[in-house]
**Q** 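Structure provided below as structure tokens; questions to follow.
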Protein chains: 2
Amino acid sequence: MGEEDIASEDRTPFERQRRTVRRRAALTRNDVLATALTLVDADGVEAFSMRRLGKALGRDPMRLYRHASSKDALLDGVVELVMSKLAVPALHEVVDWEAGLRYTAHSFRSIAVEHPHVVPLLVTRPLATPLAMRPLGTLRPLENLLELLVGAGFDGRGALHAYRLYFGFLFGHILNELQEQVHNPEETTDLLRLGLHRLPALEFPRLRGLAGELATYDGLQELEEGLDIVLEGLRRKLADQKPNHEVRRG
Amino acid sequence: MGEEDIASEDRTPFERQRRTVRRRAALTRNDVLATALTLVDADGVEAFSMRRLGKALGRDPMRLYRHASSKDALLDGVVELVMSKLAVPALHEVVDWEAGLRYTAHSFRSIAVEHPHVVPLLVTRPLATPLAMRPLGTLRPLENLLELLVGAGFDGRGALHAYRLYFGFLFGHILNELQEQVHNPEETTDLLRLGLHRLPALEFPRLRGLAGELATYDGLQELEEGLDIVLEGLRRKLADQKPNHEVRRG
DNA sequence: AGAGCAGGCGCTACAGCGTAGACTACTACA
DNA sequence: TGTAGTAGTCTACGCTGTAGCGCCTGCTCT
């Protein structure tokens, strides 16, 4: 069996291994994660497999288990890699805690828009891992934001709640934005382009009526509008809380 | 009767089929989806497979493709089934549009808490499906919320933006809440219980300092606090927009 | 120089997956 | 009675994640 298999005849496992051992540099965890990221970016998480990643690296897929204990762990690593790009400024680098949050929000949005296929992971993996077990790189932004908020005058509880509201909003916004993809740009009317003509007109009058609005989604502007509301709310919370202590400035 | 279990030789496919045809009632799409939901609830999406679902229904797995064209489509059906439980009151059933949104928010939270393993699907599947291609049951809540908001005086654009902010917030909140699971309740100190002792104290002072707060997460209350802020923001938007037209009442 | 050994490395194998397609038996109508 | 269509089942294919194994390499010790 397998006489047709050329490689196993003129190149024994031994030879193949010697070659590769000579030639290849050692594989770092970062190589692995970076390549995994490009694969996910290209074809989505669904299409990602250990075997494909192995092939992309020119290595035996089993080699990957040296750098991550399982596929899930590897995907956690990808999440960590992506989240480590999130820029959270310190309070002194920025005019205002609000400016800091705005800056971070834009950074987050950029990352998500740049890696849309990673977003399901970003959103989903934490559900499978208790907070403190998450990769440290993932917790760094959280710590930095808490620092920023505490520096701004929030007490511990307030900072945590503010963080949650803020980040929850960010995630929600990203999920909204990423599903606003128009798929048939060659169609002319909004109704057709969005596929809304499929909806029974009597049951979905509002939705159909909003075809025009749906067609002109502007993610950045909606982010800004949302931030206005969220930050206004947080500002008021901060003001309500401050009177007890000394006040820095509004 | 022992042969019932064993014999595939003394019971031909023919005989087996005649029996089952006689005995079994036809399988409805709802049966399939409902059973799928229980499986997902029990073991999570990862552990869900067509073959397992087939086994749970006592049917050939291939039968399932009669009710859904693929596994993904079937999971979309599960999402639809779950989302169809979301209660969105009409404006006249409720004192206020704000009350309507609050009610819906609680309904959504209940559903998510009841089906935590479905949440990844809820959040993830829409990313793979353009809005208008989604199952109708999934769009119903959207339509109803738009109706509610328009009835409250929002114009089309405003209603859509309000909807997005509101639902984005809801999703974000749910994602927050579901990852606040304490895993080692037998441990005594919050630091240990949450696994936070693992974090380098110097690099994560804020996070460690908030162990107590993290340990006492109250999802319902945080939802309420978030709603306060979001609804306040929407109320202001509505007020800003109204002066152009006739005013109903603040 | 030679022996021994630890560990890196690739291969094979296994159990399970989604689903295309062929086959079989039954039903409804001519 | 014949025939077309359909519903139900089984098999098979090409994937998947990953456990286990045996080989080769290079280091250490004599």
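Here is the naming used below: chain letters follow the sequence lines, and residue numbers restart at 1 for every chain. Atom set for the values below is all heavy atoms of this structure, side chains included, hydrogens, waters and symmetry mates excluded. The model shown is predicted, which means the values in this text are computed figures rather than measured ones.
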**Q** Salt-bridged, B:E177 to A:R164, with N to O below 4.0 Å?
**A**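 Result for this pair is no, no salt bridge flagged.
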
**Q** Quick one: A:L64 CG to C:dC11 P, roughly how many Å, whole number?
**A**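 Rounded to whole Å, this separation is 13 Å.
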
**Q** With the sugar-phosphate defined as primed atoms, P, OP1 and OP2, and the base as all remaining atoms, what B/S/- string results for nucleotides 12-19 of chain C, 5' to 3', for protein heavy atoms under 4.0 Å?
**A** -B---BBB

**Q** Among residues at least two apart in sequence or on other chains, which ones pass side chain to side chain contact (heavy atoms under 4.5 Å, CB included) with A:A73?
**A**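 So A:A73 forms a side chain to side chain contact (heavy atoms under 4.5 Å, CB included) with A:A68, A:S69, A:S70.
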
**Q** Using whole Å, report how far NZ of B:K55 lies from C1' of D:dT9.
**A**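 One finds 16 Å between C1' of D:dT9 and NZ of B:K55, rounded.
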
**Q** My understanding is that only residues two or more places apart in sequence, or in another chain, count here; which of them pass salt bridge (charged side-chain N to carboxylate O under 4.0 Å, His left out) with B:R134?
**A**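 By the salt bridge (charged side-chain N to carboxylate O under 4.0 Å, His left out) rule, B:R134 matches no residue at all.
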
**Q** Between A:L75 (CG) and D:dT16 (P), how many Å, whole number?
**A**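 So the CG-P distance, A:L75 to D:dT16, works out to 14 Å.
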
**Q** Does any N or O in the side chain of A:E143 come within less than 3.5 Å of the main-chain N or O of B:L207, such that one atom is a donor and the other an acceptor?
**A**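 Judged by distance alone, yes, a pair lies under 3.5 Å.
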
**Q** Using a strict 4.0 Å threshold on nitrogen-to-oxygen distance, state whether B:E203 and A:R140 make a salt bridge.
**A**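 Yes, B:E203 and A:R140 are salt-bridged.
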
**Q** Using whole Å, what does the distance between atom C1' of nucleotide D:dA19 and atom CZ of A:R66 come to?
**A**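 Distance, rounded to whole Å: 14 Å.
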
**Q** Hey, what do you get for CZ (A:F108) to CG (A:L122), rounding to the nearest 0.5 Å?
**A**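 If I round to the nearest 0.5 Å, the distance is 5.5 Å.
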
**Q** Using whole Å, report how far CZ of B:R63 lies from P of C:dA25.
**A**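 For the pair B:R63 CZ and C:dA25 P, the rounded distance is 16 Å.
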
